[in-house]
Number of protein chains: 2
Amino acid sequence: MASSNTQTAVLDAARELFAEKGYPATSLREITRKAGVNLAAVNYHFGSKEGLLKELVRECLDPINEKRLTRLDQAEAEANGQPVELEHLIRIFLEPVFESMECDEANPMPCLIARMHHEPHPQLHQMLPEILAPVVIRFMTALQRCLPDHSVEVLSVRSQFMVGAMLHVLDMHETINGVRLDDREQMLQDLVRYSAAGYRAPQMS
Amino acid sequence: MASSNTQTAVLDAARELFAEKGYPATSLREITRKAGVNLAAVNYHFGSKEGLLKELVRECLDPINEKRLTRLDQAEAEANGQPVELEHLIRIFLEPVFESMECDEANPMPCLIARMHHEPHPQLHQMLPEILAPVVIRFMTALQRCLPDHSVEVLSVRSQFMVGAMLHVLDMHETINGVRLDDREQMLQDLVRYSAAGYRAPQMS
DNA sequence: GTCTATACTCCGATAGAC
DNA sequence: GTCTATCGGAGTATAGAC
């Protein structure tokens with residue numbers, strides 16, 4: 001059952017165009033033209049333009065979240081009851097996102113992920129926390145064990161700082177202030193260091 | 001010259017709607033209906049929908065950047081040739097953005113700023129660095145004096161981490177993981193602490 | 001089950017009357 | 001300066017061909 005050629009052709013075209021121009025600015029006519037299928041195919045297979053977006057989001061985030069949970073399981077097993085090291089924890093959360101763009105060099109997934117988080121789309125803002133909930137709960141619990149002196153409120157807010165930093169650099173192409181971004185692993189390493197130091201900063205009295 | 005009632009009515013309506021639903025998802029018909037003016041007024045006064053956006057961006061960012069430069073001048077004068085303290089420098093950069101939403105409580109400016117940075121709009125991505133250039137140059141120079149052991153590349157990337165964190169929390173309404181965001185000053189204080197710790201983290205060998 | 005053709009409403013933009 | 005009329009193109013829905 002599942003995926004016909006038409007469906008995958010539409011998904012491929014939409015993934016690329018949404019990442020490039022954003023969801024609202026991309027027309028169904030453009031997608032179906034690029035996919036070589038009929039305009040109505042989108043409505044038949046996905047119900048609507050929004051249904052297509054939701055399918056893409058799941059397809060994009062599910063493998064990332066699976067990796068996160070698997071690696072967190074492994075890290076906690078290896079820690080033998082001790083808290084997982086903060087840097088390690090952060091890397092477990094961030095690395096799968098960076099890896100998702102290494103499959104092929106023109107993979108537009110990361111831009112798409114970044115784009116979605118900042119798209120002012122009501123149903124998307126309802127969907128993302130739902131998809132991320134299991135990961136967030138596990139991650140926050142591990143964070144509290146790492147940093148027992150920090151309140152859960154501060155850890156939540158700082159997690160948003162980290163996520164914002166990640167999304168922002170994922171969304172940038174080419175250069176930052178003239179500095180090339182070709183080395184993704186180096187960027188990830190520095191983001192891990194930066195975030196760990198930020199998390200560890202003493203909280204307000 | 002300058003501003004007719006029609007122009008300001010359109011700007012007010014557009015500012016609110018763009019911040020709420022994003023630029024591509026907002027129609028000129030919706031804007032002009034809300035402003036109580038004719039549809040064609042937008043094209044007459046601003047040339048196009050995009051011209052309207054550009055006008056809004058300038059109107060939004062110019063006072064913020066003016067504040068940044070003025071306060072940096074003052075801080076450097078007070079430092080008497082010594083580097084400005086890192087936390088102070090960061091606050092000078094971030095605070096004007098947070099202040100811009102305190103004018104009136106329903107001010108949609110910050111969301112608009114955050115939105116613009118992540119809108120996949122070619123002409124906008126060309127425009128923003130241009131507007132921000134004078135501030136970025138001054139800020140980077142002061143940063144290098146604060147952290148002389150860090151390379152300019154690392155400082156640039158970490159500045160993007162900070163900007164990403166700021167934009168992300170500006171873009172969030174209501175709550176973060178159930179934590180209310182009503183205290184903006186507290187959020188700013190924590191972002192300053194977090195970012196300063198991140199900047200100070202030792203760079204890779 | 002899949003897909004095509006088509007129709008409907010709304011969009012941004014513009015030409016031209018006032 | 002302002003407004004009406006209009007154009008091509010957008011998202012969506014559906015009837016009906018295969």
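Predicted model only: the values in this text are computed from it and were never measured. Naming convention: chains lettered A, B, ... in sequence-line order (proteins, then strands); numbering from 1 in each chain. What's counted below: heavy atoms across the whole structure, side chains too, no hydrogens, waters or symmetry copies.
- Comparing A:Gly36 and B:Ser27 against DNA chain C, the residue whose closest nucleotide sits nearer the 5' end is A:Gly36.
- The separation between A:Leu53 atom CG and D:dG11 atom P is 13 Å, rounded to whole Å.
- Remark: P of D:dT4 and CG of B:Leu28 are 17 Å apart, rounded to the nearest angstrom.
- Taking atom CG on B:Leu39 and atom P on D:dG1, their separation rounds to 18 Å, with Å as the unit.
- Regarding contacts with the backbone of D:dG1, a side-chain N or O of B:Tyr44 is found under 4.0 angstrom from either OP1 or OP2.
- Atom CD of A:Glu30 sits in a crowded spot, with more than 12 heavy atoms from other residues, nucleotides or ligands closer than 6.0 Å.
- Between the CD atom of A:Gln7 and the P atom of C:dT2 there is a distance of 8 Å, given to the nearest Å.
- One atom, CG of A:Asn43, and another, P of D:dT12, lie 7 Å apart when rounded to the nearest Å.
- Separating the CZ atom of B:Phe46 from the C1' atom of C:dT14 is a distance of 18 Å, rounded to the nearest angstrom.
- Checked by distance alone, B:Arg29 brings a side-chain donor or acceptor within 3.5 Å of a matching partner on the base of C:dG12.
- The CE atom of B:Met166 lies 7.0 Å from the CZ atom of B:Phe98; values are rounded to the nearest 0.5 Å.
- Distances were taken from every side-chain heavy atom of A:Ser48 (C-beta onward) to each of C:dG12, D:dC3, D:dT12; the shortest belongs to D:dT12.
- Remark: C1' of D:dA10 and CG of A:Leu17 are 15 Å apart, rounded to the nearest angstrom.
- Atom CD of A:Glu50 sits in a crowded spot, with more than 12 heavy atoms from other residues, nucleotides or ligands closer than 6.0 Å.
- Spacing between atom CD of B:Glu30 and atom C1' of C:dA13 amounts to 18 Å, rounded to whole angstrom units.
- Within the 4.0 angstrom heavy-atom criterion, only backbone atoms of the sugar-phosphate kind lie near A:Gly47; the bases stay farther away.
- The side chain of A:Lys49 approaches D:dT12 more closely than any other nucleotide in the set C:dA13, D:dA13, D:dT12.
- Residue A:Glu99 forms a salt bridge (charged side-chain N to carboxylate O under 4.0 Å, His left out) with just one option from A:Lys67, A:Arg91, A:Arg184, and that option is A:Lys67.
- Listed pair A:His45 / C:dG1 fails the phosphate criterion, with no side-chain N or O lying under 4.0 Å from OP1 or OP2.
- Between A:Thr6 and C:dT2, a side-chain N or O to OP1/OP2 separation shorter than 4.0 Å is absent.
- B:Thr32 comes within contact range of no nucleotide atom at all, as no heavy-atom separation falls under 4.0 Å.
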message = Using salt bridge (charged side-chain N to carboxylate O under 4.0 Å, His left out), reason through B:Asp12 and B:Arg15 one step at a time and then give a plain yes or no.
response = CA-CA 5 Å; B:Asp12 289 343; B:Arg15 183 166 41 243; 2.3 Å; yes
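- Taking 4.0 angstrom as the limit, A:Asn38 places none of its side-chain polar atoms (N or O) nearer than this to OP1 or OP2 of C:dC3.
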